Amino acid sequence: MILSQNFYQGSTQKVAKALLGQILVHETPHGLSSGRIVEVEAYLPKNDPGCHAARGKTPRNSVIFGPPGHAYVYFCYGNHFMFNVVTEKEGVPGAVLIRGLEPIKGLELMVQRRTRFESHELGLTNGPGKLVQAMGIQREHNRKPVFKKPLYLMEGERKEKIGVTTRIGLTEGADLPLRFYLEGNGYISVKPGADRFSPGMKKKLKSSPLKKAV
DNA sequence: AGCAAGATTAGC
DNA sequence: CTAATCTTGCTA
């Protein structure tokens with residue numbers, strides 16, 4: 001069953017956890033590829049400086065303010081796209097970033113889409129930029145519904161426990177525990193406990209070394 | 001109009 | 001550890 005639009009209209013954190021274990025599917029002329037969601041991050045409507053919507057509505061982020069169940073595809077660092085699903089009812093800005101997939105179908109297709117990097121299977125979908133590439137998600141998918149073909153989410157299964165950590169790579173709101181993942185899964189982008197800083201955060205730390213980031 | 005920063009990745 | 005790479009949004 002394809003997840004219906006009302007699956008996404010709840011609170012962002014709730015939807016983020018509910019998305020773990022669900023299946024992301026993309027049907028293209030080249031074939032079908034799919035993967036199970038194993039890692040996500042929540043971006044909240046309120047008190048979340050890390051959310052793109054935190055500084056108000058702009059042409060780029062306006063889709064997060066719109067109705068739930070739509071894709072927010074964001075171009076980052078000049079090389080990579082991020083795939084988010086819009087949450088909350090219309091007018092309330094919230095989104096969930098998909099950060100890790102466990103490949104199910106279309107492995108060949110995924111490898112093909114990422115061949116130029118000669119990635120091994122584990123490196124195929126264990127990161128937001130990677131899975132977007134492996135699934136063949138593109139700029140055009142921005143603002144498209146994810147409760148309709150060709151790019152949509154299906155009901156999956158979750159047996160694993162949900163782990164929680166802070167979000168990865170943020171300069172603002174980096175201390176909030178809004179990253180959720182399936183414990184023990186091999187397709188998690190960054191292992192819990194590993195410290196990693198975004199270029200922006202490094203710069204920030206450098207300019208004020210005394211100001212320790214909690 | 002110009003510039004800095006960014007929800008990352010791969011390669012040294 | 002750091003360059004790559006380019007769009008967006010802010011500042012002048």
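First the proteins, then the strands, lettered A, B, ... as listed; each starts at 1. All values reported here derive from a predicted model rather than from experimental measurement.
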Within the structure, does a side-chain N or O atom of Arg196(A) lie under 4.0 Å from either OP1 or OP2 of dT2(C)?
-> no

Aromatic centroids of His52(A) and Tyr74(A) separated by under 6.0 Å | yes

Taken to the nearest whole Å, CG/Leu170(A) to C1'/dT8(B) is 12 Å

Backbone of Glu157(A) reached by a side-chain donor or acceptor of Arg36(A) within 3.5 Å | yes

For Asn126(A) and dA10(B), give me the distance from atom CG to atom C1', rounded to whole Å.
-> 12 Å

NZ of Lys191(A) to OG1 of Thr165(A): how many Å apart, nearest 0.5 Å?
-> 14.5 Å

Distance-minimising heavy-atom pair for Ser34(A) and Ile23(A) | CB-CG2, 4.0 Å

dist Lys149(A):NZ -> His26(A):NE2 (nearest 0.5 Å) comes out at 12.0 Å

How many Å lie between CZ on Phe197(A) and P on dT2(C), as a whole number?
-> 14 Å

Indicate the ring-plane relationship of Phe147(A) and His70(A), choosing parallel, tilted or perpendicular according to the 30° and 60° boundaries.
-> perpendicular

Lys130(A) NZ to dA7(B) P: how many Å, rounded?
-> 18 Å

Could you tell me whether Arg139(A) sits above the aromatic face of Phe75(A), with NZ or CZ closer than 6.0 angstrom to the six-membered ring centre and within 45 degrees of the axis?
-> yes

Are Glu183(A) and Lys161(A) within salt-bridge range, i.e. N to O under 4.0 Å?
-> no

Locate the shortest heavy-atom distance separating Pro67(A) from Gln5(A); write the atom from each residue and the value.
-> CB-NE2, 4.0 Å

Candidates dA10(B), dA4(B), dA7(B) - which lies nearest the side chain of Lys203(A) | dA4(B)

Length of the line joining Gln133(A):CD and dA4(C):P, which is rounded to integer Å = 19 Å

N/O donor-acceptor pair, side chain His80(A) with base dA7(B), under 3.5 angstrom | no

Which of dT9(B), dA4(B), dA7(B) is nearest the side chain of Leu97(A)? It is dA7(B)

What is the distance, rounded to the nearest whole Å, between atom CD1 of Ile168(A) and atom P of dT8(B)?
-> 8 Å

Geometric cation-pi criterion, Arg167(A) with Tyr43(A): 6.0 Å, 45° = yes

Expressed in angstrom and rounded to an integer, what is the separation of Leu205(A) atom CG from dG6(B) atom P?
-> 12 Å

For Glu172(A) and dA7(B), what is the distance between atoms CD and C1' respectively, to the nearest whole Å?
-> 12 Å

Considering all heavy atoms, the nearest Tyr77(A)-Gly169(A) contact = OH-O, 4.5 Å

Residues of residues 81-95 of chain A with any non-hydrogen atom less than 4.0 angstrom from an atom of DNA chain B: list those, numerically ordered, please.
-> Met82(A), Asn84(A)

Could you tell me whether Lys57(A) contacts a base, only the sugar-phosphate backbone, or nothing, with contacts defined as non-hydrogen atoms closer than 4.0 Å?
-> nothing

Do any side-chain nitrogens or oxygens of Arg99(A) fall under 4.0 Å of OP1 or OP2 in dT8(B)?
-> yes

Scan Thr171(A) against the nucleic acid and name what it touches under 4.0 Å (heavy atoms): base, sugar-phosphate only, or nothing.
-> sugar-phosphate

Going 5' to 3' through nucleotides 6-12 of chain C and flagging B where a protein heavy-atom sits under 4.0 Å of the base, S where only the sugar-phosphate is that close, and - otherwise, we get BSSS---

For Tyr43(A) and dA7(B), say yes or no: do the ring centres fall under 5.5 Å of each other while the ring planes differ by less than 30°?
-> yes

For dT5(C) versus dG2(B), give the span between their P atoms, rounded off to a whole number of Å.
-> 22 Å

Sort by first number and list every stem of DNA chain B: at least 3 consecutive Watson-Crick or G-U wobble pairs, both distances under 3.5 Å.
-> B:1-6 with C:6-11, B:8-11 with C:1-4

Roughly how far, to the nearest 0.5 Å, is the CD atom of Gln13(A) from the CG atom of Leu176(A)?
-> 9.0 Å

